[in-house]
Amino acid sequence: MSMQDTGARGLLPRRPRALSLRAADAMLATGLVMAGLLLVLTLVFGLNPPASANTGSLMARFRPPALDGYLFGSDQLGRSMAARMAAGMPWSLGIALVAAVIALTIGTVVGLVAAWVPGWPRRVIRMLIDTVIAFPSLVIAVTVIALLGRGFWPLAVTLGLATWPIAARVVYAEAMSIVKREYVVAAELAGVSGAKILLVHVLPALRPTLLTMFAFTFADMLIAESALSFLGLGVPLSAPSWGNMLSESREYLVTAPWMMLVPAGAIVFAVVALNLIGDGIAAASRRRSGRAS
Amino acid sequence: MTRGLAIRDALLRRGLELLVLLVSISTLLFFLLRLSGDPAAVLAGDEADPETVALISARYGLDEPLLTQYLRYIGAIVTLDFGDSLRSQTDALALVMERLGSTLLLAVLALVITAVISLPLGAWLGFRPDATTRKWVNGLVFVLQGIPGYIAGLLLIQLFVVELRWLTSIGNAGPSSWILPALTLASFLVPKMVRVVAANTAEAMAEDYIRTARATGASDGELLMNHALPNAVLGATALIGTQFAFLMSGSLITEVIFAWPGFGALLVSSVERLDFPVVQAAVFVIAVLVSLVNAATDVAFSLIDPRLRAAGS
């Protein structure tokens, strides 16, 4: 869905116009610049965080932002919020990235198989997808995490496994329309094997869909990770993930509201960047394929 | 297909889905609990001595073969026997059902708020999307969509409880304490719903029948109320069905933030304490609830959709 589907003016019979190519490209470019900034910050500060992320000075507790060299203020132990936010990037963004890759990989394979295999296997797969989608994924995630334990990998794998059906449903729907196209039917008649058709003809045509979905899934996983950490069921309690920082901030809403606003701002910044990328790709590909005309 | 048949088919499909869901989730929980170590030790808690662990092992039949355990476990679920809460020694299902009302109250309030905000706003945005102010509002909705619901909740607390001191944020103490949790839960859905209603309205406004109605002299208001909006409401109804599961995920967090006495908060605290009978009962109730809502939306959908209505008469 594009951001600004435009309607008909006056009596002219016009289909809703998708975003102009320029507007779509502008969204995409803005999103990419924001995501690039996050990537650079993660590589420069996140993977090798400043010491002030973990050791603070009790003399410098609850410093407001932009005061005494604390760009984003300091927390209840006098640790720099800016440094902690950077140190949280590999956790929050890393887990979301791995979870999104897992969800999309499984979803793509299952969706393609369902689109290719007719009869009862397709019905079983579709039923499985519908069933898992209809259940609140967070409910499953908190239960599984409680049993597997906290940590980077348990969280990433659990989130990925809880999310793949959404990707599978989208890939399935898209692949169903692609396998009916003439060039795929022609390849099939020419005797090309099923696996080869899926890999050579169907998968490349799915690229814009997969890219869009990757951006949105990444954003969803980031929100889910921080939500679970916020509930105390995500990363280890000592890790400076954005969700953990939010969770800690709840006790100090009155004294130090920036302790909540800094990680919240980081999450919203990342999610908006990913949404811009996703919507930008979707609008541009709709426009180029001429479906919106 | 007649409407009656359509409804029957939808209900059958949802029933089958619910069955598959309950069996697979119960199975998942059963094996995860056993994979993660000695379930008797988990059930007994961290500080239990060996005798207690042995007692629990015997009481739950955990020393028997896995298949026997599994069959008895499924049998107990079929008869709605989830056992007693390890913490309070009362029936787990009763504990969950006690809190059903609170969770539903919050969910219904959130749905009402979502409808009240997103239908007019979406219709306004979609009616003439080219207008400059609406483009700005669209951009604003886009940014708001990037704010996760629970962060919206924290911001609401910061504003109305900490800064303005208008409202309280702890528990259920009468209607004024409902406002913030309900707004928080609604914020999970509102931006998405606004965009769907706006897109549906915009699409409807470009249809031929709108052009015909306009040509016969219908006013803007008539066009919107009689032609474009019903279409958008249809899309929004379908969305509520699919988004109810998401709303339940949201109520988990919302109830924890506001110490709301619903089963979402109960589930989280039971998971933390590894109180598995309660976890299983809560997951079971949530699965049934989601299926019921989906079935209800299916039925409502076939009742309002004019295409199905025409086919049924």
Side-chain angles (χ1 to χ4, degrees), chain A residues 1-17 127-128 130-149 219 222-224 226-227 230-233 246 249-250 253-254 257 260-261 263-264 267-276 279, chain B residues 16-17 20-21 24-25 28-29 32-33 35-36 126-130 135 138-139 142-143 145-148 150-151 154-155 157-158 161-162 195-196 198-199 201-203 205-206 208 210-211 214-215 242 245-246 248-249 252-253 256-257 267-268 271-272 274 279 282-283 286-287 290-291 294:
Chain A
M1 189 200 334
S2 71
M3 191 168 93
Q4 294 150 330
D5 288 313
T6 55
R9 275 201 213 101
L11 290 172
L12 286 176
R14 263 202 289 168
R15 303 289 304 171
R17 189 158 43 83
M127 173 123 191
L128 183 71
D130 286 348
T131 306
V132 183
I133 286 183
F135 196 75
S137 49
L138 202 61
V139 171
I140 277 298
V142 293
T143 316
V144 174
I145 289 293
L147 289 170
L148 292 183
L222 183 68
I223 294 173
S226 57
F230 180 77
L231 290 176
L233 292 164
L246 277 176
S249 80
R250 287 177 63 200
L253 284 179
V254 180
M260 183 264 283
L261 294 171
I267 293 170
V268 173
F269 184 87
V271 171
V272 168
L274 290 163
N275 283 350
L276 281 170
D279 270 345
Chain B
L16 193 58
E17 269 178 32
V20 174
L21 186 65
S24 35
I25 287 181
L28 180 77
L29 288 180
L32 272 177
L33 183 58
L35 272 180
S36 62
F127 189 65
R128 203 161 276 145
D130 285 336
K135 282 189 176 166
N138 258 323
F142 186 84
V143 174
Q145 196 173 24
I147 302 181
Y150 67 100
I151 290 184
L154 292 177
L155 292 172
I157 291 183
Q158 185 71 39
V161 181
V162 178
R195 292 183 68 183
V196 168
T201 311
E203 201 174 312
M205 289 307 293
D208 287 345
I210 294 279
R211 188 170 54 126
R214 203 192 286 270
T242 56
F246 182 65
M248 285 290 108
S249 287
L252 225 65
I253 306 184
V256 171
I257 293 180
L267 176 64
V268 172
V271 160
E272 279 165 355
L274 297 170
V279 171
V283 170
I286 292 173
V290 169
S291 294
N294 275 322

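Chain letters run A, B, ... following the sequence lines, proteins first and then strands; every chain starts at 1.
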Engineer: Side chain, backbone, both or neither: which part of A:L233 has a non-hydrogen atom closer than 4.5 Å to chain B?
Structural biologist: side chain

Engineer: Before you tell me yes or no, could you show the steps for A:M127 and B:V20 under side-chain contact (heavy atoms from CB on, under 4.5 Å), namely the whole-Å CA-CA distance, both residues' side-chain angles and the distance that decides it to 0.1 Å?
Structural biologist: CA-CA 9 Å; A:M127 173 123 191; B:V20 174; 3.8 Å; yes

Engineer: Below 4.5 Å from any heavy atom of chain B, which atoms of A:F269 appear? Answer side chain, backbone, both or neither.
Structural biologist: neither

Engineer: Name the member of B:T201, B:V143, B:V271 that forms the most heavy-atom pairs with chain A at distances under 4.5 Å.
Structural biologist: B:V271

Engineer: I need the residue from A:L276, A:V132, A:L261 with the largest number of non-hydrogen atom pairs under 4.5 Å to chain B.
Structural biologist: A:L276

Engineer: Against chain A, label B:L267 side chain, backbone, both or neither, depending on which of its atoms sit under 4.5 Å from a heavy atom there.
Structural biologist: side chain

Engineer: For A:I133, check side-chain contact (heavy atoms from CB on, under 4.5 Å) against everything at least two apart and list the hits.
Structural biologist: A:I129, A:P165, A:I166, A:R169

Engineer: Determine the option with the most heavy-atom pairs under 4.5 angstrom with chain A, choosing from B:L155, B:V268, B:L252, B:V290.
Structural biologist: B:L252

Engineer: Going by the rule side-chain contact (heavy atoms from CB on, under 4.5 Å), which residues pair with A:I267 if we only count those two or more places apart in sequence or in a different chain?
Structural biologist: A:S226, A:W242, A:L246, A:V271, B:P148, B:Y150, B:I151

Engineer: What's the shortest heavy-atom distance between B:L154 and A:M260, and which atoms?
Structural biologist: O-CE, 3.6 Å

Engineer: Could you look at B:V256 and say if it's the side chain, the backbone, both or neither that has a heavy atom under 4.5 Å from chain A?
Structural biologist: both

Engineer: Quick check: closest heavy atoms across A:P136 and B:A245, and the distance to 0.1 Å?
Structural biologist: CB-O, 3.3 Å

Engineer: With a 4.5 angstrom heavy-atom cut-off, which part of B:L16 approaches chain A: side chain, backbone, both or neither?
Structural biologist: both

Engineer: What part of B:V283 gets closer than 4.5 Å to chain A, counting heavy atoms only: side chain, backbone, both or neither?
Structural biologist: both

Engineer: Could you state the interatomic distance from CG (A:D279) to CD (B:Q145), rounded to the nearest 0.5 Å?
Structural biologist: 7.5 Å

Engineer: What closest approach, in Å, do A:L231 and B:E272 show between heavy atoms, and which atom pair accounts for it?
Structural biologist: O-OE2, 3.3 Å

Engineer: CD1/B:I253 to CG/A:L138 distance, rounded to the nearest 0.5 angstrom?
Structural biologist: 5.0 Å

Engineer: Is the shortest side-chain heavy-atom distance between A:D130 and B:E17 below 4.5 Å?
Structural biologist: yes

Engineer: Should A:I140 and B:L28 count as side-chain neighbours, where that means a heavy-atom distance under 4.5 Å?
Structural biologist: yes

